[in-house]
Amino acid sequence: MTVPPPSSRDGLRLALLYAAVFAGIGVAMPFLPLWLAGLGLGPELIGALVALPILVRIVATAPLVGLIDRGVAPRTLMVAGSLGLAATWALMPPAASLSWPLLAGVIVVNAVAGASLVPCLDYQSLAAVRRRPDLDYARIRLGGSLGFLAATLLGGWLLGVVGTGGIPNFLAGLELASACGAALLLRRESAAAPARRASGRVRLPAALWLAIAAGAAIQASHAAVYAFGSIHWVGLGLSPAETGIAWGVGVVAEVGFFAVAGRIPFLRDAPFRLLGLGAVAALLRWGGLLAAAGLPTLVLPLQALHALTFGATQLGVMAALSRLAPEGGRGAAQGTYAACAALASASATLASGAAYRAGGGSLAFGLMLPVAGLGLAFTLAAARAARSARQ
């Protein structure tokens, strides 16, 4: 099969697909709990239903993405997953009208359908960058951040117009658009030479396992701010508007970092520098939020560190996967990271919830410091293992 030469539009097409995929996440993450609350469900049941997709991703992601190593095209997985999401979002209102256990079952199927989307897209993007080094993964991934932000704003407007009841159908429409995007925008990638099929189980090198652990730990250290940041900041005296601005600062900083990171020679294709930068920034950020208990004005500048705690960590893990994952095992490696990150984040979220109940925001953010420190330790160990493997 003839492999078509890379097109100057490859990066744009992948960025557009990131925007389509993350648009659904940008609506579901902030607004699905509001829809569940509108059904009259109690907070404990809402918490359980929101946690279900995390638990499903821990189990389902690695096997699904590992199908790539067995010859299943990422495009096929993405189209099927997006169609599955569209169908299950549309089924949620009638399921909820019958019983919450039926709704829970639909949520589980929804989570299985969506588990492979982002890892498959990362897989495709990293493959494109390896084929054409002048492409910049950071700028491609920028499309996801912009799509998330735009969808969140649009979802907030829609909420004010039609109320919470329209959220599932809006999400179904977004996922149909995502399925069409995957079918059309990934035609070129599907025509490229397929990845070599694994004849048996491919072992990941120790340096990659350590990099995966580092990325999962650093990202998991966001658990307290994701779950309780807004509540804590309002308690410190910030107004709801100022709290919204604080979240906006983080998103804008993330977008800015993705836009420029690939142009910084010190960081381009430097997985361990990026991971180390993310870990150090996380230690500064969570330590600073502890200090913000007495100085709330620190919250806004600390939120700018999201560019590094999330952005640099994401780029570092992707660079490690691209550089260290063996041929025939790249799909499994991508899925393994996604599953490990979900497990670490779920564990950290549960721990931060217990800490917040016991000692408020200070204890919850303080608990994230050793999690970030563990990420830094794994990063240093990964760098040493990579050096040893090269010698």
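Fair warning: this is a prediction, and the values are worked out from it, not measured in the lab.
Between Leu185 and Leu14, every side-chain heavy-atom pair lies at or beyond the 4.5 Å cut-off. Within the 4.5 Å cutoff, the side chain of Val21 has heavy atoms near those of the Val118 side chain. Arg330 places none of its side-chain heavy atoms less than 4.5 Å from the side chain of Leu321. Side-chain contact between Ser125 and Tyr18 is present, with heavy atoms from C-beta onward closer than 4.5 Å. In this structure, the side chains of Leu171 and Phe31 stay at 4.5 Å or more apart for every pair of heavy atoms. With contacts defined as side-chain heavy-atom distances shorter than 4.5 Å, the pair Leu117/Ser82 qualifies. You'll find the side chain of Tyr337 stays beyond 4.5 Å of the side chain of Leu208, heavy atoms only. Residues Leu204 and Pro326 meet the side-chain proximity criterion, which asks for heavy atoms closer than 4.5 Å.
Residues meeting the side chain to side chain donor-acceptor pair (under 3.5 Å) test with His232, sequence neighbours left out: none. For Val109, the side-chain contact (heavy atoms from CB on, under 4.5 Å) partners are Thr88, not counting sequence neighbours. Annotation: side chain to side chain donor-acceptor pair (under 3.5 Å) contacts of Thr61 (sequence neighbours excluded): none. With sequence neighbours excluded, no residue satisfies side chain to side chain donor-acceptor pair (under 3.5 Å) with Arg57. Arg130 meets the side chain to side chain donor-acceptor pair (under 3.5 Å) test with Ser322; sequence neighbours excluded. In this view, Arg323 and Asp269 satisfy the salt bridge (charged side-chain N to carboxylate O under 4.0 Å, His left out) rule, not counting sequence neighbours.
With hydrogens and angles disregarded, no donor-acceptor distance shorter than 3.5 Å links the side chain of Thr76 to the backbone of Val72. Using a distance-only test at 3.5 Å, with no hydrogens or angles considered, a donor-acceptor pair links the side chain of Glu242 to the main chain of Ser239.
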Just distance, no hydrogens or angles: give the donor-acceptor pairs under 3.5 Å from side chains in residues 368-390, sequence neighbours left out.
| unit_1 | atom_1 | unit_2 | atom_2 | d |
| --- | --- | --- | --- | --- |
| Thr379 | OG1 | Gly375 | O | 2.8 |
| Ser388 | OG | Arg384 | O | 3.1 |

Could you list the donor-acceptor pairs under 3.5 angstrom formed between side-chain atoms of residues 286-293 and any protein atom two or more places apart in sequence or on another chain?
| unit_1 | atom_1 | unit_2 | atom_2 | d |
| --- | --- | --- | --- | --- |
| Trp286 | NE1 | Ser221 | OG | 3.0 |
| Trp286 | NE1 | Ala282 | O | 3.4 |

Which pairs would a plain distance check flag for residues 138-162, meaning a side-chain donor or acceptor within less than 3.5 Å of a matching protein atom at least two apart in sequence or in another chain?
| unit_1 | atom_1 | unit_2 | atom_2 | d |
| --- | --- | --- | --- | --- |
| Arg139 | NH1 | Ala259 | O | 2.8 |
| Arg141 | NH1 | Ser145 | OG | 3.4 |
| Ser145 | OG | Glu254 | OE2 | 2.4 |
| Thr152 | OG1 | Gly26 | O | 2.9 |
| Thr152 | OG1 | Phe148 | O | 2.8 |

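With hydrophobic clusters built from ILVMFWY side chains whose heavy atoms lie under 4.5 angstrom apart, Leu274 shares a cluster with Val255. Both Ile264 and Leu305 are part of a single hydrophobic cluster, where members link through side-chain heavy atoms under 4.5 Å apart. Clustering ILVMFWY residues whenever any of their side-chain heavy atoms sit less than 4.5 angstrom apart, transitively, puts Leu67 in the very cluster that holds Leu126. Cluster annotation: Leu284 is connected to Leu302 through the hydrophobic network of ILVMFWY side chains, with a link wherever side-chain heavy atoms come within less than 4.5 Å. Cluster annotation: Leu91 is connected to Val112 through the hydrophobic network of ILVMFWY side chains, with a link wherever side-chain heavy atoms come within less than 4.5 Å.
For the atom pair Phe266 CZ and Arg273 CZ, the distance stands at 4.5 Å (nearest 0.5 Å). Here the straight-line distance linking atom CG of Leu184 with atom SG of Cys180 works out to 6.5 Å at 0.5 Å rounding. Taking CG from Leu267 and CG from Leu315, the interatomic distance works out to 8.5 Å, rounded to the nearest 0.5 Å. Of the inter-residue distances, the one linking Leu308 atom CG with Leu277 atom CG reads 4.5 Å to the nearest 0.5 angstrom. Atoms SG and CD1, on Cys120 and Ile68 in that order, are 4.0 Å from each other to the nearest 0.5 Å. Once rounded to the nearest 0.5 Å, the distance linking CG of Leu77 with OH of Tyr123 reads 10.5 Å.
Between Ala96 and Leu103, the shortest heavy-atom distance links the atoms CB-CD2, 4.0 Å. Between Gly215 and Val317, the shortest heavy-atom distance links the atoms CA-CG2, 3.5 Å. The two residues Ala111 and Pro53 come nearest to each other via the heavy atoms CB-CA, 3.6 Å. Between Thr297 and Pro301, the shortest heavy-atom distance links the atoms O-CD, 3.2 Å. Closest of all the heavy-atom pairs between Ala307 and Phe257 is O-CD2, 3.5 Å. Considering all non-hydrogen atoms of both residues, Ala115 and Leu64 come closest at CB-CD1, 4.1 Å.
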Test log, rule side chain to side chain contact (heavy atoms under 4.5 Å, CB included), inputs Asn110 and Met92: CA-CA 9 Å; Asn110 177 275; Met92 281 190 194; 3.8 Å; yes
Stepwise side chain to side chain contact (heavy atoms under 4.5 Å, CB included) test for Tyr226 and Thr349: CA-CA 9 Å; Tyr226 286 164; Thr349 299; over 6 Å; no
Side chain to side chain contact (heavy atoms under 4.5 Å, CB included) assessment of Val59 paired with Leu55: CA-CA 7 Å; Val59 177; Leu55 299 175; over 6 Å; no
Stepwise side chain to side chain contact (heavy atoms under 4.5 Å, CB included) check, Arg268 with Asp136: CA-CA 9 Å; Arg268 188 174 177 88; Asp136 182 1; 3.9 Å; yes
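The hydrophobic cluster analysis finds Val234 isolated: no Ile, Leu, Val, Met, Phe, Trp or Tyr side chain comes under 4.5 Å of it, directly or through other members. Clustering of Ile, Leu, Val, Met, Phe, Trp and Tyr by side-chain heavy atoms under 4.5 Å joins Leu176 with Val79, Leu83.
Residues Tyr137 and Asp122 have side chains that bring a donor and an acceptor to within less than 3.5 angstrom of each other. A donor and an acceptor atom, one from each side chain of Gln303 and Arg285, are located under 3.5 Å apart.
For an aromatic pair to be called close, the ring centres must be under 6.0 Å apart, and Trp89 with Trp35 fails this.
Among residues at least two apart or in separate chains, there is no side-chain hydrogen bond (donor to acceptor under 3.5 Å, both in side chains) pair with a member in residues 356-370.
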